[in-house]
Amino acid sequence: AVCGLVDDALGPADFRLAPCGACGRGGAAHRRCLEKELPLTLARSPEDLREADVGACACGRPFAAAARRPDGPRELLACIARDRRRVAGVALRAAAKALAAGVTVAALERRAASAKALRCGASSYSFGPAPLRAWLVLWSFLLTAVRSRAFSDLLSALWSGQREHVRLYLRVYAYHVASAAGVVVSFSPLPSLLLGPRCGRAPHAWAALAWTNLVVGSAASAASLYLFAKSNYAILTVGDHGDARL
C-alpha cells in the first residue's frame, strides 16, 4: 500500500521508495514507515546486508536490505552507544594526546610568562590558557580521527571520486591548517618564546580577529568530526528496487 504524505525534505529516513520489484511504484512507501518495525542495526559488512531480514511486501516477496548513514545527531548518538567500546578506546587515545599537549604547552607557558614578567612586569596582559586548552582537546580528537584507518579508507574513496569533491576536501584541509596556524600565533606561547615577549595589550582589531578565528575554526572542526562520525556508520534499512538513494 502507498504511504500517507511525508515531507520528503526532512532526511534519508523520509525518502520515497519502491521496495518490491513485483509491485513497483504501485507499492511505494516511505523509508520511515518501512523502518518502523526494524530495530536500529549497524551494517558492518556486505554479509550483513545479504543475511538481513528487513521485512516483506504485502504480496509476500521479501524486501532487499540496504544501508544508509545516520539521519541526524539522535541516530548518530544511538550508533555510538552501540559502538561504545570502540569509541571509548578512541576517546582515551585522544584524551591522552590532549593531556600530553596540555603538559607541553603548560611548560612553554611558564617559560614565556617568566620572560614576559622580567621585561614587562607581572601585570602584562594575555588571553590566558583556557581558550588554548579547549582548542587542544578538540584538535586532539580531530587528529585522532585523521590518523585512523577509517579516515584513510574515506580519503581513498574520495580521491578516486569526483574532482569537485577532491577540490572541496583540499579547500577544507587548507582552511583547517590556516586556522590552526592562526590559533597558535594568537593564543600559544610560541611567538613570545621565538620572537621575544611583547608588553601591553594586543590591538582590539587583532584580538577580535584572533577570537573570531578561534570560534569559527573550532566550529568547523566540530562539524568535520560530526560528518566523519556519520560516515563511519551504516544503518540497516530497506532497499529501493527502482531508485537507490542510500
Side-chain angles (χ1 to χ4, degrees), residues 8-17 30-32 34-35 38-52 54 64-98 135 137-180 216-240 243-246:
D8 287 331
L10 290 178
D14 297 312
F15 285 162
R16 192 176 181 85
L17 311 175
H30 292 96
R31 176 174 282 150
R32 173 178 292 179
L34 295 170
E35 288 183 347
L38 294 178
L40 192 147
T41 305
L42 299 182
R44 302 182 185 276
S45 66
E47 288 74 17
D48 291 341
L49 298 182
R50 287 194 291 267
E51 298 173 0
V54 292
R68 63 173 177 84
R69 300 303 177 190
D71 184 21
R74 181 178 296 180
E75 274 196 345
L76 178 59
L77 289 175
C79 293
I80 291 175
R82 284 162 173 75
D83 194 27
R84 55 186 174 272
R85 288 188 178 181
R86 186 186 67 86
V87 173
V90 173
L92 285 175
R93 291 195 295 272
K97 293 176 183 178
W135 181 83
V137 172
L138 179 60
W139 263 73
S140 295
F141 279 87
L142 186 63
L143 292 177
T144 299
V146 168
R147 296 189 62 184
S148 67
R149 181 175 180 179
F151 185 81
S152 297
D153 294 340
L154 178 65
L155 195 59
S156 297
L158 178 69
W159 215 254
S160 60
Q162 300 180 19
R163 291 185 177 181
E164 291 78 8
H165 296 165
V166 175
R167 294 192 192 101
L168 176 60
Y169 168 77
L170 292 176
R171 286 196 290 267
V172 172
Y173 182 87
Y175 170 76
H176 280 304
V177 172
S179 177
V216 175
S218 298
S221 299
S224 298
L225 277 172
Y226 171 73
L227 294 175
F228 174 69
K230 285 187 66 173
S231 72
N232 271 266
Y233 295 107
I235 296 176
L236 195 67
T237 186
V238 179
D240 186 352
D243 179 20
R245 286 183 285 182
L246 304 175

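Only a predicted model underlies this, so the values are computations on that prediction, with no experimental measurement involved.
- Arg84 places a side-chain N or O within 3.5 Å of a backbone atom of Ala81 that can act as its donor or acceptor partner.
- Atoms CZ and CG, on Arg68 and Asp240 in that order, are 14.0 Å from each other to the nearest 0.5 Å.
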(request) Apply side chain to side chain contact (heavy atoms under 4.5 Å, CB included) to the pair Leu168 and Arg171, showing each step before the final yes or no. (result) CA-CA 5 Å; Leu168 176 60; Arg171 286 196 290 267; 4.2 Å; yes
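- Rounded to the nearest 0.5 Å, atoms CD (Glu35) and CG (Asp71) are 9.0 Å apart.
- The minimum heavy-atom distance between Ala66 and Gly239, with the atom names listed, is CB-CA, 3.6 Å.
- Atom CH2 in Trp159 sits 4.5 Å away from atom CG in Leu170 (nearest 0.5 Å).
- Between the NZ atom of Lys230 and the CD atom of Glu75 there is a distance of 8.5 Å, given to the nearest 0.5 Å.
- Between Phe151 atom CZ and Thr144 atom OG1 the span is 12.5 Å, to the nearest 0.5 Å.
- Residue Ser221 comes nearest to Leu142 through the heavy atom pair OG-CD2, 3.9 Å, listed as atom of the first residue, atom of the second, then distance.
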(request) Tell me, with the steps shown, if Leu158 and Leu155 meet side chain to side chain contact (heavy atoms under 4.5 Å, CB included). (result) CA-CA 5 Å; Leu158 178 69; Leu155 195 59; 4.2 Å; yes
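- Remark: Thr237 OG1 to Leu40 CG distance equals 10.0 Å, nearest 0.5 Å.
- In this structure, the side-chain hydrogen bond (donor to acceptor under 3.5 Å, both in side chains) partners of Ser224, at least two apart in sequence or on a different chain, are His176.
- Of all heavy-atom pairs between Arg69 and Asn232, the closest is NH1-C, 4.5 Å.
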(message) Checking Cys79 against Ile235 for the side chain to side chain contact (heavy atoms under 4.5 Å, CB included) test, could you report, in this order, the C-alpha distance in whole Å, the side-chain angles of both residues, the deciding distance, and whether it holds?
(response) CA-CA 8 Å; Cys79 293; Ile235 296 176; 3.8 Å; yes
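- Of all heavy-atom pairs between Val238 and Val54, the closest is CG2-O, 3.8 Å.
- Heavy atoms only, all atoms of each residue included: Trp135 and Ser218 are closest at CD1-OG, 3.9 Å.
- Shown here for Ala94 and Ser140, the closest heavy-atom pair between the two residues is O-CB, 3.5 Å.
- Counting non-hydrogen atoms of neighbouring residues, nucleotides and ligands closer than 6.0 angstrom, the CZ atom of Arg147 reaches no more than 12 such neighbours.
- Open room surrounds OH on Tyr173; 12 or fewer heavy atoms of other groups in view lie less than 6.0 Å from it.
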(request) Run the numbers on Ile80 and Tyr233 for side chain to side chain contact (heavy atoms under 4.5 Å, CB included), then give the verdict. (result) CA-CA 9 Å; Ile80 291 175; Tyr233 295 107; 4.0 Å; yes
